[in-house]
Each structure stands twice: as structure tokens, then as C-alpha cells.
Amino acid sequence: MMGFSWKLFYLFGILFWGFSQRWRTVESNGGSFSCGYPAIYNFGDSNSDTGGISAVMFEILSPNGETFFGHPAGRACDGRLIIDFIAENLKLPYLSAYLDSVGTNFRHGANFATGGSSIRPPGYSPFNLWVQISQFIQFKARTTSLYNQLTLNRRNPLTISNLPRPAEFSQALYTIDIGQNDLAHGFQYTTVKQVLASIPDIIGQLPQVIHTLYNEGARFFWVHNTGPIGCLPVSVLYEMSKPWNLDKNGCVRLQNEVAMEFNRQLKDMISQLRAQLPFARFTYVDVYSAKYTLVSDAKNLGFVEAVNFCCGNCTKKGMANGTVYGNPCNHPSKHISWDGIHYSQAANMWVAERILNGSFSDPPLSIQSACHNQTTIL
């Protein structure tokens, strides 16, 4: 009887080893297994804000949202943002803004991003990244307590349906898209040299942020680098009289060089975090390259020149010197820039299609497979 048990144990061991090697092979060949994230928790600025700043500081008005939602939807865009396409790709609802008290549903995550936010203060918004992390910690504690209380007392199942499941915080995807405003604020109030010198301190905030989220149970991180800020129309228009400051694609050379240095240090920091937190999964997403590719090939891709934007001062309507502000162009989908700072829905869709499949990621895994290791059979 003892001999039979050992044989059975040995057989199961062989089968388990074979299955594990097959799993690892599938992972190394593209991560075929979908991670099935139950929720997304997002941290960032206006590039991924789905209603936070509009709810608490100034309302984002029409014509924002007109292309997709048909009305203002808290986004500085004519339609969807990259974070919306991430949600669609993962078959999850669009994220409700944590700061919005009307019509919110946090069952599948929450969005802590707010327009103007930076990694560190000072900046354009009081909701810097550390504030957003504090909000998440409070959100997690309060929703967990409320969920457990309502479940224990079996009260109001409709209320429970809008709450995240406590066990799913460790299974969720944590997306981070922030840093552009740290650079923009520096360019506006200091010199390029000072902005460069500030990057180590800015990037140095992120390990503490990640460790804090990790201690709260976060394991899967999808981190965007910062885009080519020198290609934004608001940046280019200030330098049009100095063509020697522009590169071959009409972008402000020095600003993009600073953005690339920021991204280099960010990628190095992610590599260090992989060593420090081996049970976490980090995906570094090169949004800069995706966006610069779009700007570089705008005409061939069906867009007008990247310096042209669709809607001037789209946050409010009015008239100044005979010019009506707040009226958009007739074809937003032809424009990369919506309002001179933010990308149009068409541009966001183009970029999302290229980053979500892993083409611009390290490791090169799709977002649906980013919870896996990229391993090979030894």
C-alpha cells in the first residue's frame, strides 16, 4: 500500500511538472493566458482623468465628450482616453472618478487621476500622486469595512453591488500615468537645466509610492512613461519663431530630450523595483515612442499636421477679439491634438491599439497577459 502511494505521488509529480512547463512555454510565447483582472485602479493626470477635476474644481463643459459620449463626460477630450480603451480591452466598465459623488460605481475599480496632477508638489493641482495614494488607502479601508459589514448583516444587496470585493484588490491592475505636469510646470517656471536636475527627485518619489501600494496588496503594475511634451501644440506655438529649436517633425527638441531623460530614469527605477519586489509584475509602457511615431507620420496616417489642434479653450465658451472660443473643428478625428494639450479620441485610440498588444512594452506582453512572467524553459 505504501509503495502504491509513492508511485501515485511520483506520477502526479511528473504530471504537475509537465503542466508547469507547458504553462511556462505558453507564457514565453506571448502570454496566451488572460489575466482576467477584476478591477483597475488608476493614478495620473488629465491624460487619464475620467471626471475627478471636473467634479471638484472646474466643470469640463461641451464640446468635450461630443464625439463618443454626446455630452461632457469629465474628460479633457472629444471622447475616450487611453484608460477607457484599457477598460474596454479588459472588458471592464469605464472607471468612475473617485472624487465624483454622482452616479459612481466602484465595483470594478476607481480612478484617482485628476487633471493637472503631478508626482510631487508644487504643481497645477493639489491632488499630487501622494494625495491620490492616500485617497486609495482610505478608499480601500472604507469600502472593505462597509462591504464586510453589509455582507455580515445581509443588508441592501444593491449597495454591495457597487462596492469592490476586498479579495480582488490583490488581483486588480494598477495603472500609473503621471509625470508630464512635473516637466511642464518646470518648463514654465524654471529653466531646462533646472528641470533636468529635478528629475532624480521626481522619479525618486515613485519607489515609495509603489511600495505603499504593494503593502496594500497591489501586485500588477502597468506604468506609462511620459509622452513627447515638446510635440504638444501648446509647446510648439511658443517656439515657432525659433525654428532652430524644433526637430524635423516640428517638435521642441529640448523639451523632448528632457522627457526622454525622465523616461530613461523611470525605466531604470522599474528595473530596480522588479528586483526589490519579485512577487510583483511590472510593465513599463513606452507611450513616448508610440505618440512620437504618430506625430512623425501624421499625414500618412490620415491626420492633419500635429501642430494643429481642434478646439481652442475647450473648457469654456466665450468670445474675445471677435474669436469664438469653445467651438471645435468639423472633423476631430483628423486631429492628433484636441485642444493643444490633450489628444483627440482618434489619437488616443491609435496609441492604445499599439501599446495594449505589448509592442511598446517591457516586457513585451499584452495588457491581458501582463500578470505573467516572461519565462523560457531551462
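Remember, it's a predicted structure, so these values are computed and weren't measured experimentally.
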Is it true that [Y] and [X] share a donor-acceptor pair across their side chains at a distance under 3.5 Å?
{"X": "W338", "Y": "N64", "result": "yes"}
{"X": "D45", "Y": "Q180", "result": "no"}
{"X": "E59", "Y": "S54", "result": "no"}
{"X": "D78", "Y": "T67", "result": "yes"}
{"X": "T50", "Y": "N111", "result": "yes"}
{"X": "N105", "Y": "S96", "result": "no"}
{"X": "S48", "Y": "N42", "result": "yes"}
{"X": "Q132", "Y": "S117", "result": "yes"}
{"X": "Q205", "Y": "R120", "result": "no"}

Roughly how far, to the nearest 0.5 Å, is [atom2] of [Y] from [atom1] of [X]?
{"X": "L92", "Y": "D84", "atom1": "CG", "atom2": "CG", "value": "12.0 Å"}
{"X": "N308", "Y": "I336", "atom1": "CG", "atom2": "CD1", "value": "10.0 Å"}
{"X": "T114", "Y": "M57", "atom1": "OG1", "atom2": "CE", "value": "8.5 Å"}
{"X": "H224", "Y": "D286", "atom1": "NE2", "atom2": "CG", "value": "10.5 Å"}
{"X": "S145", "Y": "L150", "atom1": "OG", "atom2": "CG", "value": "9.0 Å"}
{"X": "L266", "Y": "N225", "atom1": "CG", "atom2": "CG", "value": "6.5 Å"}

Pair Y174-F220, ring pair (Phe, Tyr, Trp, His ring centres under 6.0 Å): steps then yes or no: CA-CA 6 Å; Y174 290 78; F220 308 118; 8.6 Å; no
How far apart are the closest heavy atoms of N128 and I119, and which atoms are they?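 The answer is CB-O, 4.2 Å.
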Looking only at heavy atoms, which two atoms of A113 and D49 are closest? And how far apart?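 Closest approach of A113 to D49: O-OD1, 3.3 Å.
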Please determine whether salt bridge (charged side-chain N to carboxylate O under 4.0 Å, His left out) holds for the pair E168 and R107, giving the CA-CA distance in whole Å, both sets of side-chain angles, and the decisive distance to 0.1 Å. CA-CA 10 Å; E168 292 180 351; R107 172 64 185 86; 2.9 Å; yes
Would you say the side chain of [Y] lies within less than 4.5 Å of the side chain of [X], judging by non-hydrogen atoms?
{"X": "L294", "Y": "L301", "answer": "yes"}
{"X": "S366", "Y": "Q368", "answer": "yes"}
{"X": "F43", "Y": "L213", "answer": "yes"}
{"X": "I367", "Y": "N89", "answer": "yes"}
{"X": "H342", "Y": "R75", "answer": "no"}
{"X": "F136", "Y": "T212", "answer": "no"}
{"X": "P332", "Y": "E66", "answer": "yes"}

If you draw the axis of the six-membered ring of F303, does the NZ or CZ of K334 fall within 45° of it and under 6.0 Å from the ring centre?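 Negative - K334 is either too far from the ring of F303 or too far off its axis.
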Would a hydrophobic clustering, with Ile, Leu, Val, Met, Phe, Trp and Tyr connected at side-chain separations under 4.5 Å, put V236 with L183?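 No, it is not one cluster - the side chains of V236 and L183 are not joined through contacts under 4.5 Å.
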Out of L237, L232, V234, which one pairs with F309 under the side chain to side chain contact (heavy atoms under 4.5 Å, CB included) rule?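 The passing option is L237.
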Among Y37, F282, F279, Y214, find the one that has a ring pair (Phe, Tyr, Trp, His ring centres under 6.0 Å) with F221.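 Answer to the ring pair (Phe, Tyr, Trp, His ring centres under 6.0 Å) test with F221 among Y37, F282, F279, Y214: F282.
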Member of F106, Y98, W130 meeting the ring pair (Phe, Tyr, Trp, His ring centres under 6.0 Å) criterion with F112: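 For F112, the ring pair (Phe, Tyr, Trp, His ring centres under 6.0 Å) test succeeds with only one of F106, Y98, W130, which is Y98.
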Taking only residues two or more places apart in sequence, or in another chain, which ones meet D247 in a side chain to side chain donor-acceptor pair (under 3.5 Å)?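 If we apply the side chain to side chain donor-acceptor pair (under 3.5 Å) test to D247, skipping adjacent residues, the hits are Y292.
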Side chain to side chain donor-acceptor pair (under 3.5 Å) partners for E261, two or more places apart: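 Per chain and number, E261 pairs via side chain to side chain donor-acceptor pair (under 3.5 Å) with R264, Q265.
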Under 4.5 Å side-chain linkage, directly or through intermediates, the cluster mates of Y94: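 Joined to Y94, directly or through intermediates: F68, F69.
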Apply the test side chain to side chain contact (heavy atoms under 4.5 Å, CB included) to residues I178 and N47: give CA-CA distance (whole Å), side-chain angles for both, the deciding distance (0.1 Å), then the verdict. CA-CA 8 Å; I178 197 168; N47 289 310; over 6 Å; no
Short side-chain to backbone donor-acceptor contact, Y343 and V351, under 3.5 Å: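 A pair under 3.5 Å: no.
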How about C329 and C311, are their SG atoms within less than 2.5 Å of each other?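 Taking the criterion (SG atoms under 2.5 Å apart), C311 and C329 fail it, so no.
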Parallel, tilted or perpendicular, judged at 30° and 60°: which one describes the rings of F139 and F169?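 F139 vs F169 ring planes: perpendicular.
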Around atom CD of E305, are there more than 12 heavy atoms of other residues, nucleotides or ligands at under 6.0 Å?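 Counting neighbours around CD of E305, 12 or fewer heavy atoms of other residues, nucleotides or ligands fall under 6.0 Å, so no.
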